[in-house]
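Structure, as structure tokens:
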Amino acid sequence: MEKGGGLSLTYALSVTILTCAFFLLSFQHAAAIIPEDFKIRQVITDDQNYPTTTASAVNHQHNLLGTATEHKFKSFIQEYSKEYTTREEYIHRLGVFARNLLKAAEHQALDPTAVHGVTQFSDLTEEEFERMYMGVKVVDRATSLLGQGHAPPLEVKGLPESFDWREKGAVTEVKMQGTCGSCWAFSTTGSIEGANFIATGKLLNLSEQQLVDCDHTCDIKDKKACDSGCSGGLMTNAYKYLVEAGGIEEEDSYPYTGKRGDCKFNPDKVVVKVSNFTNIPIDEQQIAAYLVNHGPLAVGLNAVFMQTYIGGVSCPLICGKRWINHGVLLVGYGSKGFSILRLSNQPYWIIKNSWGKRWGEHGYYKLCRGHGMCGMNTMVSAVMTQTS
């Protein structure tokens with residue numbers, strides 16, 4: 001007993017030492033993101049589009065002028081072709097950028113198997129980022145079934161170790177929603193594009209703009225959760241709209257503008273009809289089974305780590321599962337995303353986003369699988385199309 005207990009104690013101490021050493025390295029790496037001149041400064045901004053007017057906040061922002069942080073900011077401006085119309089706006093965005101350097105460092109420490117840093121969103125406040133680049137309406141799953149009840153369970157034995165619908169031709173190119181909270185529309189069209197490909201063998205690029213302009217459907221149980229163009233919506237609401245409207249047009253006939261306009265839907269130009277949709281059980285094995293058997297799935301996520309995400313498998317130590325604010329498309333999964341936090345090779349989901357190819361891994365996000373990470377198993381739906 002003593003020998004076994006000693007071995008157990010030695011193993012526990014080894015794991016503790018490894019974990020502590022790893023977190024020290026993570027924080028050192030995170031600190032490297034932040035220029036020396038910024039490490040002793042605090043950036044203060046309000047929740048609006050303009051800099052705060054307090055003398056303290058203005059001084060903090062002005063103190064960043066001429067520093068390594070501003071040099072990094074200028075490189076960011078050049079790389080992403082940013083333009084600010086006034087000197088005040090420039091100084092304000094510099095302050096926001098500096099604060100986001102801190103956020104990236106924090107995310108790197110909490111999510112060390114991914115890479116976090118400067119992205120095209122590094123000059124946006126958290127509120128601006130959520131308003132312009134997300135858009136899923138928050139609903140209580142307990143009171144809203146999202147679709148036509150729950151889908152029946154599928155057999156999960158024999159699922160492939162890895163799977164990717166991109167390799168089978170069922171996924172269109174990564175799209176860009178722009179500064180419009182229409183992620184829900186892109187998640188919807190992606191799932192329909194995949195389902196239609198499986199049914200017909202044809203990959204069509206479908207119109208998000210039709211949903212942005214024409215869909216005003218509300219959730220059955222939550223009448224405040226309505227599809228509202230660039231102000232957000234729900235994928236399941238969009239399915240209901242398309243069932244009632246008679247289908248969806250192609251992108252070429254109803255092109256995306258990135259803003260809400262008058263509805264120009266023409267029933268004569270419908271190329272895909274939606275016959276039904278369903279809610280996938282809250283079980284990641286079932287999600288994998290439906291993904292493999294029925295095509296890409298519309299998914300809701302907590303996107304808290306996505307503003308600073310650059311690449312790798314995101315497997316954060318903490319990521320809330322209740323606050324779902326972004327709609328994406330689940331297209332596959334892999335089996336060998338190493339997670340030091342969990343001391344093993346962890347499988348991961350392959351997720352198509354709608355922020356263009358310059359974001360993440362050419363527009364894609366890898367998220368740790370098997371933990372309900374960031375709520376990815378709380379809002380998942382499949383769609384069935386109807387061929388004429």
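Note that the structure is predicted; figures quoted are calculated from it, not measured. One is the number of the first residue; the rest follow in order along the sequence.
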- Sequence neighbours left out, what passes salt bridge (Lys or Arg N to Asp or Glu O under 4.0 Å) with K175? Give chain and number order. E193, E208

- Query: Using 30° and 60° as the class limits, which term best fits the ring planes of Y333 and W349: parallel, tilted or perpendicular?
  - Reply: perpendicular

- Any pair with a residue in residues 240-306 that passes disulfide bond (SG atoms under 2.5 Å apart), sequence neighbours left out, goes on the list, sorted by first then second residue, please. C214-C263

- Task: Say whether, by atom type as modelled, one donor and one acceptor occur between the side chain of S228 and the main chain of S231 under 3.5 angstrom.
- Result: no

- Query: More than 12 foreign heavy atoms under 6.0 Å from CD of Q120: is that the case here?
  - Reply: yes

- Would you say the side-chain atoms of K137 pair up with the backbone N or O of C226, donor to acceptor, closer than 3.5 Å? yes

- Message: Suppose we screen for ring-ring contact (aromatic ring centres under 6.0 Å, His included). Which residues come up paired with F129, at least two apart in sequence or across chains?
- Response: F121, W355

- Query: Between C180 and G258, what is the shortest heavy-atom contact and its length?
  - Reply: CB-O, 3.4 Å

- Query: Side chain of D111, backbone of S314: donor and acceptor closer than 3.5 Å?
  - Reply: no

- Which atoms form the tightest heavy-atom contact between S187 and V328, and what is the distance? OG-O, 2.6 Å

- Task: May I ask you to decide if T86's main-chain N or O and E89's side chain share a donor-acceptor pair within less than 3.5 Å?
- Result: no

- Closest heavy-atom contact between Q209 and G261? NE2-N, 4.4 Å

- Item | Non-hydrogen side-chain atoms of F277 and M235 separated by less than 4.5 Å | no

- Taking atom CD of E155 as the centre, does the number of heavy atoms from other residues, nucleotides or ligands within less than 6.0 Å exceed 12? yes

- Set of residues satisfying ring-ring contact (aromatic ring centres under 6.0 Å, His included) with respect to Y290, sequence neighbours excluded: H294

- Message: Tell me whether V212 shares a hydrophobic cluster with M134, the cluster being built from Ile, Leu, Val, Met, Phe, Trp, Tyr side chains joined at under 4.5 Å.
- Response: no

- Message: Using a 3.5 Å distance criterion without hydrogens, assess whether the side chain of N100 forms a donor-acceptor pair with backbone atoms of S122.
- Response: yes

- Message: According to ring-ring contact (aromatic ring centres under 6.0 Å, His included), who are the partners of Y309, at least two apart in sequence or on a separate chain?
- Response: W359, Y365

- Nearest heavy atoms of L159 and A288, plus distance in Å: CD1-CB, 4.0 Å

- Message: side chain to side chain donor-acceptor pair (under 3.5 Å), that's the test. Do H216 and N237 meet it? Break it down for me.
- Response: CA-CA 8 Å; H216 311 286; N237 285 348; over 6 Å; no

- Under 3.5 Å, side chain of Q210 to main-chain N/O of E249, donor-acceptor pair present? yes

- Query: Do S75 side-chain atoms and H71 backbone N/O form a donor-acceptor pair below 3.5 Å?
  - Reply: yes

- Of all heavy-atom pairs linking D215 and R260, the shortest is O-NH2, 4.1 Å

- Got a sec, which residues hit side-chain contact (heavy atoms from CB on, under 4.5 Å) with L204, two or more places apart in sequence or on another chain? N196, L206, E250, V271, V272

- How are the rings of H116 and H107 set relative to one another: parallel (under 30°), tilted (30 to 60°) or perpendicular (over 60°)? perpendicular

- Of all the heavy-atom pairs spanning G295 and I198, show the shortest one and how long it is. CA-CD1, 3.3 Å

- Query: Between Q285 and R369, do the side chains contain an N or O donor and an N or O acceptor separated by less than 3.5 Å?
  - Reply: yes

- Task: Indicate yes or no for a side-chain donor-acceptor contact from Q108 to the backbone of A114 under 3.5 Å, with no hydrogens or angles considered.
- Result: yes

- Qualifying residues under side-chain contact (heavy atoms from CB on, under 4.5 Å), relative to K264, sequence neighbours excluded: Y254, D262

- Query: Under the side-chain hydrogen bond (donor to acceptor under 3.5 Å, both in side chains) test, which residues partner Y90, sequence neighbours left out?
  - Reply: E70

- Message: Does either side chain, that of H326 or that of N353, offer a donor lying less than 3.5 Å from an acceptor on the other one?
- Response: yes

- Task: Could you tell me which residues satisfy salt bridge (Lys or Arg N to Asp or Glu O under 4.0 Å) with E167, sequence neighbours excluded, listed by chain and number?
- Result: none

- Looking only at atom types and distance, does a side-chain atom of K352 sit under 3.5 Å from a main-chain N or O of T172, one as donor and one as acceptor? yes

- Below 4.5 Å, heavy atoms only, C-beta onward: do V274 and I248 meet side chain to side chain? no

- Query: Do F76 and E79 come close enough that some side-chain heavy atom pair is under 4.5 Å?
  - Reply: no

- Query: Does the side chain of K72 come under 3.5 Å of the side chain of T67 through a donor N or O and an acceptor N or O?
  - Reply: no

- Is it true that a side-chain atom of E130 and a backbone atom of N325 form a donor plus acceptor pair closer than 3.5 Å? no

- Can you tell if the side chain of N377 reaches within under 4.5 Å of the side chain of H371, non-hydrogen atoms only? no

- Task: Kindly write out the residues that satisfy ring-ring contact (aromatic ring centres under 6.0 Å, His included) with Y256, not counting sequence neighbours, or none if the list is empty.
- Result: F186

- Does the side chain of I310 come within less than 4.5 Å of T119's, by heavy atoms? yes

- Message: Looking at K103, I'd like to know if its NZ atom is crowded, meaning that more than 12 non-hydrogen atoms belonging to other residues, nucleotides or ligands lie closer than 6.0 Å.
- Response: yes

- Message: Taking salt bridge (Lys or Arg N to Asp or Glu O under 4.0 Å) as the definition, give me every residue that meets it alongside D123, ordered by chain and number, with sequence neighbours left out.
- Response: K82

- Item | Donor-acceptor pair between E244 and Y239 side chains, under 3.5 angstrom | no

- Can you name the salt bridge (Lys or Arg N to Asp or Glu O under 4.0 Å) partners of D164, sequence neighbours left out? R166

